[in-house]
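Per chain, numbering begins at 1; letters A, B, ... match sequence-line order.
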4 protein chains.
Amino acid sequence: MLSFTTAGESHGRALVAILEGLPAGMPVDLGQIDEELKRRQWGYGRGGRMKIEKDHVEILSGVRHGLTLGSPIALMIENKDWQNWTEVMAVEPRDIAPEKSRRLKRPRPGHVDLPGGQKYDTRDLRNILERASARETTARVACGALAKQLLVAFGTEIRSHVIQLGGIPDLPLELTWDQVAAIPEDAPLRCADLEIQQRMIDSIDQRREDGDTLGGVFEVVVRGLLPGLGSHTAWDLKLDGRLAQAVMSIPAIKAVAIGAGIEASSLPGSEIHDEIAYNNETKEFIRETNRAGGLEGGVTNGEEVRIRGHMKPLSTLRRPLRSVDIDTKQDEPAGFERSDITAVPAAGVVAESMAALVLGAAMRDKFGGDSLGEMRRNFEGYREQLRGY
Amino acid sequence: MLSFTTAGESHGRALVAILEGLPAGMPVDLGQIDEELKRRQWGYGRGGRMKIEKDHVEILSGVRHGLTLGSPIALMIENKDWQNWTEVMAVEPRDIAPEKSRRLKRPRPGHVDLPGGQKYDTRDLRNILERASARETTARVACGALAKQLLVAFGTEIRSHVIQLGGIPDLPLELTWDQVAAIPEDAPLRCADLEIQQRMIDSIDQRREDGDTLGGVFEVVVRGLLPGLGSHTAWDLKLDGRLAQAVMSIPAIKAVAIGAGIEASSLPGSEIHDEIAYNNETKEFIRETNRAGGLEGGVTNGEEVRIRGHMKPLSTLRRPLRSVDIDTKQDEPAGFERSDITAVPAAGVVAESMAALVLGAAMRDKFGGDSLGEMRRNFEGYREQLRGY
Amino acid sequence: MLSFTTAGESHGRALVAILEGLPAGMPVDLGQIDEELKRRQWGYGRGGRMKIEKDHVEILSGVRHGLTLGSPIALMIENKDWQNWTEVMAVEPRDIAPEKSRRLKRPRPGHVDLPGGQKYDTRDLRNILERASARETTARVACGALAKQLLVAFGTEIRSHVIQLGGIPDLPLELTWDQVAAIPEDAPLRCADLEIQQRMIDSIDQRREDGDTLGGVFEVVVRGLLPGLGSHTAWDLKLDGRLAQAVMSIPAIKAVAIGAGIEASSLPGSEIHDEIAYNNETKEFIRETNRAGGLEGGVTNGEEVRIRGHMKPLSTLRRPLRSVDIDTKQDEPAGFERSDITAVPAAGVVAESMAALVLGAAMRDKFGGDSLGEMRRNFEGYREQLRGY
Amino acid sequence: MLSFTTAGESHGRALVAILEGLPAGMPVDLGQIDEELKRRQWGYGRGGRMKIEKDHVEILSGVRHGLTLGSPIALMIENKDWQNWTEVMAVEPRDIAPEKSRRLKRPRPGHVDLPGGQKYDTRDLRNILERASARETTARVACGALAKQLLVAFGTEIRSHVIQLGGIPDLPLELTWDQVAAIPEDAPLRCADLEIQQRMIDSIDQRREDGDTLGGVFEVVVRGLLPGLGSHTAWDLKLDGRLAQAVMSIPAIKAVAIGAGIEASSLPGSEIHDEIAYNNETKEFIRETNRAGGLEGGVTNGEEVRIRGHMKPLSTLRRPLRSVDIDTKQDEPAGFERSDITAVPAAGVVAESMAALVLGAAMRDKFGGDSLGEMRRNFEGYREQLRGY
């Protein structure tokens, strides 16, 4: 089973992750992990932190001479900003003057500051926000980069793009794989439509002036999966549920849809289901439409898996929202932490990673094997079986 | 930890579930479980099966003299229709004439028939559909009914209602707890607005004539949760992700939103976040709005938890979709199984159950305890702690 | 992943289990499951209950026409004795006269009666003993029988035998597979040495007269496993640990050894390790000894897996031990439930089942596959790979 | 739930662990973790590596100003020896001359070298041994040190001692808590009997001359646990099984016993069970003996938990065992890695850690709570409940 665990505070010394379950003998491209980390930091509307951190992963275990060992892979990404926080975030006991403590006591609406403080019974809400920060997703992206390298070895590719931002355009964009794949890595908002992207940028500029923030919708597209990943036999094996959890767990994501999931609820059955055909040349069952987003009954059907994530506007506003001081119980404006205007493209990259980890796990479950060679042999056997079905 | 496992085919002998992790000494209301099963069967637009099955749960273990023992609870719901399927669904080997075998070989688009058949390498797609059928959710509802009884013991109630069906009304309804709670159990579509409900009914009647199906949107509302359930500290502990998986895993659900999750992605931050206030009388932090749907950073904040599920139109149409015969590879209309026109109200009831199971598990994690008395003592201690925060 | 959950009280209506993760298309021999249940009930020194119950499994789901579906398999074994306990063990609330309630309030030393009562805060210790009874292992054996059928499909067989009982003989027997396999199913104590078996029987007869009980040591032997199951890469993947948990979890087992595990701790390294050789004909690496019990670093090495379980004498004595009345706190003899003099052969059968479930899970993890055919193809590919290593 | 994951190769850059589930607000004593690491390195008969490594833990996350945050704790222990292995163990691709590669191709009997190489399909067995090395237990001990700090906060202490080494004395020592607690930390073999310890030392000296190794038996003793941890209700909740897995998973452990588990199998029931009494002053149920090792039915009964681990002699002998070259298939002596003569005291320290992690998890399950204060309040409530039972 492919699984991962992350650790690390936003201004602590490092983010750490342990990824277990990759087959042995798989080539690891270290530079490509850093590329993914860079993609996560990219995007018009990001704040100052993104300029401080040029994330770089260090692999502490599980890889030798460029190949996985089959043992757990420990990854570490140092927080370059930590040097400014050594006292505030020290592991050891410290006496810090209150004015230097950076204590947070005016919880920010939309963040977990207040319920987290109540739950863990702490009166410095920094103890909550440091872990709740979206910086944690850096560790997910590092793990996801490895999962992607596994998927690529089996012909599967993953992309994401922004299909709506701050309500622009009115309806989310609907684009083909080729259109998505053509988006250059330095596109300011990872949007395929240049004219719309410019309108999004203008909107971000406006919100920046207002001290406000914006959300939006991204789509993850996965191409090249065989039919038969996931299972309908138990509620927690269904891939749609697993993907929904994985994407909803990304900070600020408040809705997840598979394929045309939102629109589908308004249409009659005759207009929404993807009819089945057979391609005599490739010996494959195919669909001419893909409103199901590649999943039927929680199982891949061979079409592109498409997942949409709806992100709320970021909860840290420069023009703060109303809040309460947890000591005095008086109304006070919420505390402020450096933040972005929007981060929808970055959330899409995180969602690619989460999708890669979920789909990689489904591949490991189905094909087993302890080395890449063994897994590939099993995979090829199944592909041949499908041709004869 | 509260967990459950289900088993059972749609036309097999019985559905079975094992629920583990309820505290000992909890009163069990058997009649109320059957009530929930009845609620799941209810709804305008259901087909003939609902008239055959009057589901009744039998508890085979884990409860004695009306109280839980703390040991696993086995639940069984016999399929009354099984008597018509004893040969077709026999456990033992059988030779059945092809014309009586009820073999399915023309997969229904939107169902897992085809990818399931490919995955499990079976040429009778009945081997797939029998487990993939939404009848499996009966077992979930039985488990969920017990989880609800746990929640009620801690002052938490759960309701669901239909807020859009087949695109009616244009925008999903937004209603208060009191409006939702006032919906009578025999409301044909569990919709609080009678005029709109009638329009939904008319639309169902129209689709029935067309041999078509309809989807829609339901909302689950949970009232009376303390702040601090779930955790932001790990991606898989976040309650929003867990609820998203639980609801997305219900057959035909293709999108899940928390609170105003879909709309939120189009609005600026200043308009979407729920500002914080303090009630000096109750010693509680409160919000005057609840667009977050009761969850911030994956943790309950004390407001109502609100989850929306978007259901696609059912995949079995009386006027069948185009498909392929898996033997001949020729185009053929999809097979037909008895089905409904719509089942959105029922899906809402299933989602109540899934939410109750996820939230009950979060309660068990936070409050521990092996008897109801011990759990309650721990709960009350935390409630007192919150008042002093 | 192969996993199972059991439910059921000793005098409740039924024992229930759900087994998940068998591949689809696997033939299921129902009679063979009942055979295993009979083997569990067998053995010289058993009490009256064994005559009442002739256990018979009913499969409620997951199998159709003699083949697994890939969906969860629900198994039920009715407690024939239940008809005598319908009131005492009723699920519904009951008012029962104290003299008919069969309440237990004098906990039996060695059983979980007292710590269970304290934990679950119940004053009728029957609420504990009913689940803690070794009758629960019936459900494990039913699941284990299916796991064995999986293993047999891959050439793996499992046997158990009694190698010491009540200290007879002085040192546990050391026997070959052939000697163990030759033990007839109706051997009174599943012991390969007839003369020693008779001495064991005499000892049981003596203890019966004394109102006392006996323990002993069994060994499980597994033949035909390929090298490479389990993993050294994480503590909880190691098969030795998993097998130890599985066997130690059987009631009354207080020690578990792999191979010559106990003796090994007294010998120097030069005398205990199994040296490696190569068989040029079969292209296999082999060992001429097997003190390691087939596991090195938690991974199978291709030799027989051998696990020993040490069982304490049963805790329910006809001549009761000293205890305390939980109401009066006065010294009183422990309560009495019908029990056996010894059950070591039965514990061996349960341990076979637990081993089959653990090893079956390791097979599923390594070879993956959703149908028996796919799993076999993957298995054969690995076997071929081993030949070329 | 308290859980942990480790990563790291023996000569890689670092060992890493992530520990999840400690309550927030718990004081962390960093020096005490290093003390435990030192205890693990201690012991007469250890080899040269122990002089190279003075292990020191660094906490990378989850602790701030000396208190836990409730978020995952990442721990790192650098391998000081790594500087000598930067090329051989490089993460990045390397071309290394064969004579400098330190490739292992003659598998060592008793190690996982060969089955691991077959499983992961690698021809350099160093890829296996680096992870399989007992050095991995350093990370377990670091996690275990934190679990111990949790237990101490609830009045629970853990010790271990060596009760037999290389067959000396004939029967394992039986000692009281006070005798065990009195063993000084610098006792060469952590044995309470000085005369016997000297005989053990002499035996080690003899084996060193012979190029041989020795095993032995340690006992872990845990004092101060309340009754009611663990559960009899499901096989995988039973603490005896969980402890057995945890201890058996330590390298070279081949047998595990709870209390007098091995001897118990030879004695009649009347002589082995611990009769129950009641102490009117403390309002506690007590036992005058503790042959059960503090566990009945997988649940703590309030007596000391005692676990014995049987360790085989180490598998790396200076006078190598017979093996086979995996390239040539010719008989060759096994490869040699620097190793110890014996490591039983160290294994006892690792077992303390594993026991602390298992028991800490059982405490978290029962008492819940997100802060140390909340957990303590729940704990005290249960203690009061027990007094009234």
Measure distances from A:D212 to the heavy atoms of chain B and classify the residue's part below 4.5 Å as side chain, backbone, both or neither. side chain
Side chain from CB out, backbone as N, CA, C, O: work out which of these in A:T137 comes under 4.5 Å of a heavy atom of chain B, or both, or neither. neither
Which one wins on heavy-atom pair count under 4.5 Å against chain A: B:H310, B:E271, B:H273? B:H273
Please classify the contact of A:T122 with chain B as side chain, backbone, both or neither, using a heavy-atom distance under 4.5 Å. backbone
I'd like to know which of B:Q245, B:R291, B:R106 tops the heavy-atom pair count under 4.5 Å against chain A. B:Q245
Among the options B:L295, B:D113, B:I307, B:I258, pick out the one with the most heavy-atom pairs lying under 4.5 Å from chain A. B:I258
Under 4.5 Å from any heavy atom of chain B - which part of A:R242: both
Contact origin within A:Q118 toward chain B - heavy atom pairs under 4.5 Å: both
Under a 4.5 Å heavy-atom cut-off, does chain B meet the side chain of A:R319, its backbone, both or neither? side chain
Within the structure provided, determine whether A:R108 and A:S323 are in side-chain contact (heavy-atom separation under 4.5 Å). no
Quick one: what part of A:P320 sits under 4.5 Å from any heavy atom of chain B, side chain, backbone, both or neither? neither
For a quick check under 3.5 Å, do B:E284 and B:N279 share a side-chain donor-acceptor pair by atom type? no
Contact leader toward chain A among B:V217, B:N301, B:I326, where contacts are heavy-atom pairs under 4.5 Å: B:I326
Which one wins on heavy-atom pair count under 4.5 Å against chain B: A:I128, A:T5, A:I272? A:I128
If you apply the rule side-chain contact (heavy atoms from CB on, under 4.5 Å), what do you find for A:K254 with A:M311, and how did you get there? CA-CA 6 Å; A:K254 299 292 282 188; A:M311 189 179 200; over 6 Å; no
B:D327 and B:R123: salt bridge (charged side-chain N to carboxylate O under 4.0 Å, His left out), yes or no, with the steps? CA-CA 8 Å; B:D327 288 347; B:R123 300 203 69 76; 3.4 Å; yes
Quickly, which of A:I341, A:T342, A:L214 forms a side-chain contact (heavy atoms from CB on, under 4.5 Å) with A:S203? Name it, please. A:L214
Who among B:V344, B:V324, B:I253 has the most heavy-atom pairs with chain A under 4.5 Å? B:V324
Consider only side-chain N and O atoms of B:R131 and B:T6, and report whether a donor and an acceptor are under 3.5 Å apart. yes
Bottom line for A:K119: the part with an atom under 4.5 Å from chain B's heavy atoms is both
So which of B:G228, B:P227, B:G297, B:G215 has the largest heavy-atom pair count under 4.5 angstrom toward chain A? B:G228
Turns out that what part of A:L267 lies under 4.5 Å from chain B's heavy atoms comes down to backbone
Chain B contact via A:F218 - side chain, backbone, both or neither, heavy atoms under 4.5 Å: neither
Heavy-atom cut-off 4.5 Å, strictly under: side chain, backbone, both or neither for A:D236 against chain B? both
Would you say B:R140 and B:S249 are linked by a side-chain donor-acceptor pair, where the criterion is simply a distance under 3.5 Å? yes
Please classify the contact between A:E130 and chain B as side chain, backbone, both or neither, with a heavy-atom cut-off of under 4.5 Å. neither
If you count every heavy atom of other residues, nucleotides or ligands that lies below 6.0 Å from A:N280 atom CG, does the total exceed 12? yes
